[in-house]
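Since the structure comes first, as structure tokens, the remarks are kept for the end.
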Amino acid sequence: MSTTPPPDATVTDSPARPGELPPSEGAFGWLRDLGPRGRRAFGGAFGGYALDSFDYFTLPLSMVALAAYFGLDSGQTGLLTTVTLVVSAIGGAVAGVVADRIGRVKALLITVITYAVFTVACGFAPNYETLLVFRALQGLGFGGEWAVGAILVAEYATARNRGRTLERCRARGRSAGRSPWSSTRWCSSSSATTSRGA
């Protein structure tokens, strides 16, 4: 009795074409390893982190105008930022439970919609108390998007590149939301870290 598999069952690794890198090699091998659905998840989470960061870093620029318009003291203006961050921790925990029950993609959609609706609502707040409530509800979406977005991207990433992929999604997404020049910084820092073999 032969233990040799039939010719059609033999698994062979086909070599890469000349000038072509294997999927997980090169500067953007981690991105190629995600596959089409994983790249869409990465793009969504990256965009969410960038917009969260943009909101978080532009709010302090508007605090003087908000304080003048609503007649706020320094404690009240500080509470506007603090309430979003505190409630975001609750949002992350709630979104994790929701993601386990209805799925990560649906949970991510719910958190993004929550974040978007209450971000827009903040622009129409007629008084400080309403703005504070809208900022708190925005924090639910903010924290949920951070938690579920990372989990969703991690599911598509290979074990070899999972840490690298999440770092690029979160850290570079936050950088992209800070300033118009950050896309240049992201490209240069990304090429620098990948050329070192990070």
Side-chain angles (χ1 to χ4, degrees), residues 37-38 40-156 165-183 185-186:
R37 294 180 74 189
R40 283 195 302 271
F42 177 87
F46 181 90
Y49 293 144
L51 292 174
D52 293 347
S53 178
F54 178 77
D55 175 74
Y56 182 74
F57 284 98
T58 55
L59 181 67
L61 300 175
S62 62
M63 281 300 186
V64 173
L66 288 171
Y69 184 78
F70 290 125
L72 308 177
D73 60 27
S74 61
Q76 290 173 311
T77 56
L79 188 58
L80 281 175
T81 301
T82 305
V83 72
T84 305
L85 292 177
V86 169
V87 175
S88 71
I90 298 166
V94 169
V97 172
V98 170
D100 286 341
R101 304 231 175 171
I102 67 169
R104 285 157 181 68
V105 173
K106 288 180 183 176
L108 184 61
L109 286 173
I110 291 169
T111 60
V112 168
I113 289 169
T114 302
Y115 177 75
V117 165
F118 289 107
T119 298
V120 171
C122 286
F124 295 101
N127 54 42
Y128 171 74
E129 291 76 17
T130 307
L131 180 60
L132 191 64
V133 169
F134 287 164
R135 290 289 298 173
L137 293 171
Q138 180 193 32
L140 284 175
F142 179 94
E145 192 273 332
W146 275 62
V148 178
I151 294 167
L152 188 62
V153 171
E155 284 182 354
Y156 287 107
T165 303
L166 289 174
E167 183 273 333
R168 280 166 174 75
C169 187
R170 291 182 115 171
R172 305 289 161 76
R174 287 192 308 261
S175 294
R178 290 183 190 160
S179 73
W181 300 278
S182 56
S183 59
R185 284 198 322 251
W186 182 83

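Nothing fancy with the numbering, it's 1 onward along the sequence.
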Item to check | Audit row: Thr111, Leu108, side-chain contact (heavy atoms from CB on, under 4.5 Å) steps and yes/no | outcome: CA-CA 5 Å; Thr111 60; Leu108 184 61; 3.9 Å; yes
Contact between [X] and [Y] at the side-chain level, heavy atoms closer than 4.5 Å - yes or no?
{"X": "Leu51", "Y": "Thr119", "result": "no"}
{"X": "Thr114", "Y": "Leu137", "result": "no"}
{"X": "Ile110", "Y": "Val148", "result": "no"}

Contact summary for [X] and [Y], nearest pair of heavy atoms:
{"X": "Leu72", "Y": "Gln76", "result": "CA-OE1, 3.3 Å"}
{"X": "Cys122", "Y": "Phe134", "result": "SG-CB, 3.6 Å"}
{"X": "Gly149", "Y": "Ala45", "result": "O-CB, 4.0 Å"}
{"X": "Phe142", "Y": "Trp146", "result": "O-CD1, 3.0 Å"}
{"X": "Ala136", "Y": "Val83", "result": "CB-CG2, 3.7 Å"}

Item to check | Sequence-distant partners of Ala116, side chain to side chain contact (heavy atoms under 4.5 Å, CB included), two or more places apart | outcome: none
Checklist entry - Of all residues at least two apart in sequence or in a different chain, which pass the side chain to side chain contact (heavy atoms under 4.5 Å, CB included) check with Asn127? => result Glu129, Thr130
Please tabulate, for the side chains in residues 84-96, all donor-acceptor contacts under 3.5 angstrom to protein atoms that are two or more places apart in sequence or on a different chain.
unit_1	atom_1	unit_2	atom_2	d
Thr84	OG1	Leu80	O	3.3
Thr84	OG1	Arg135	O	3.3
Thr84	OG1	Arg135	NE	3.1
Thr84	OG1	Arg135	NH2	3.2
Ser88	OG	Leu85	O	2.6

Roughly how far apart are [X] [atom1] and [Y] [atom2], rounded to 0.5 Å?
{"X": "Leu140", "Y": "Glu145", "atom1": "CG", "atom2": "CD", "result": "13.5 Å"}
{"X": "Thr82", "Y": "Leu132", "atom1": "OG1", "atom2": "CG", "result": "10.0 Å"}
{"X": "Ile102", "Y": "Leu109", "atom1": "CD1", "atom2": "CG", "result": "9.0 Å"}

Item to check | Criterion side-chain contact (heavy atoms from CB on, under 4.5 Å) on Tyr115 and Asp55, from CA distance to verdict | outcome: CA-CA 11 Å; Tyr115 177 75; Asp55 175 74; 3.2 Å; yes
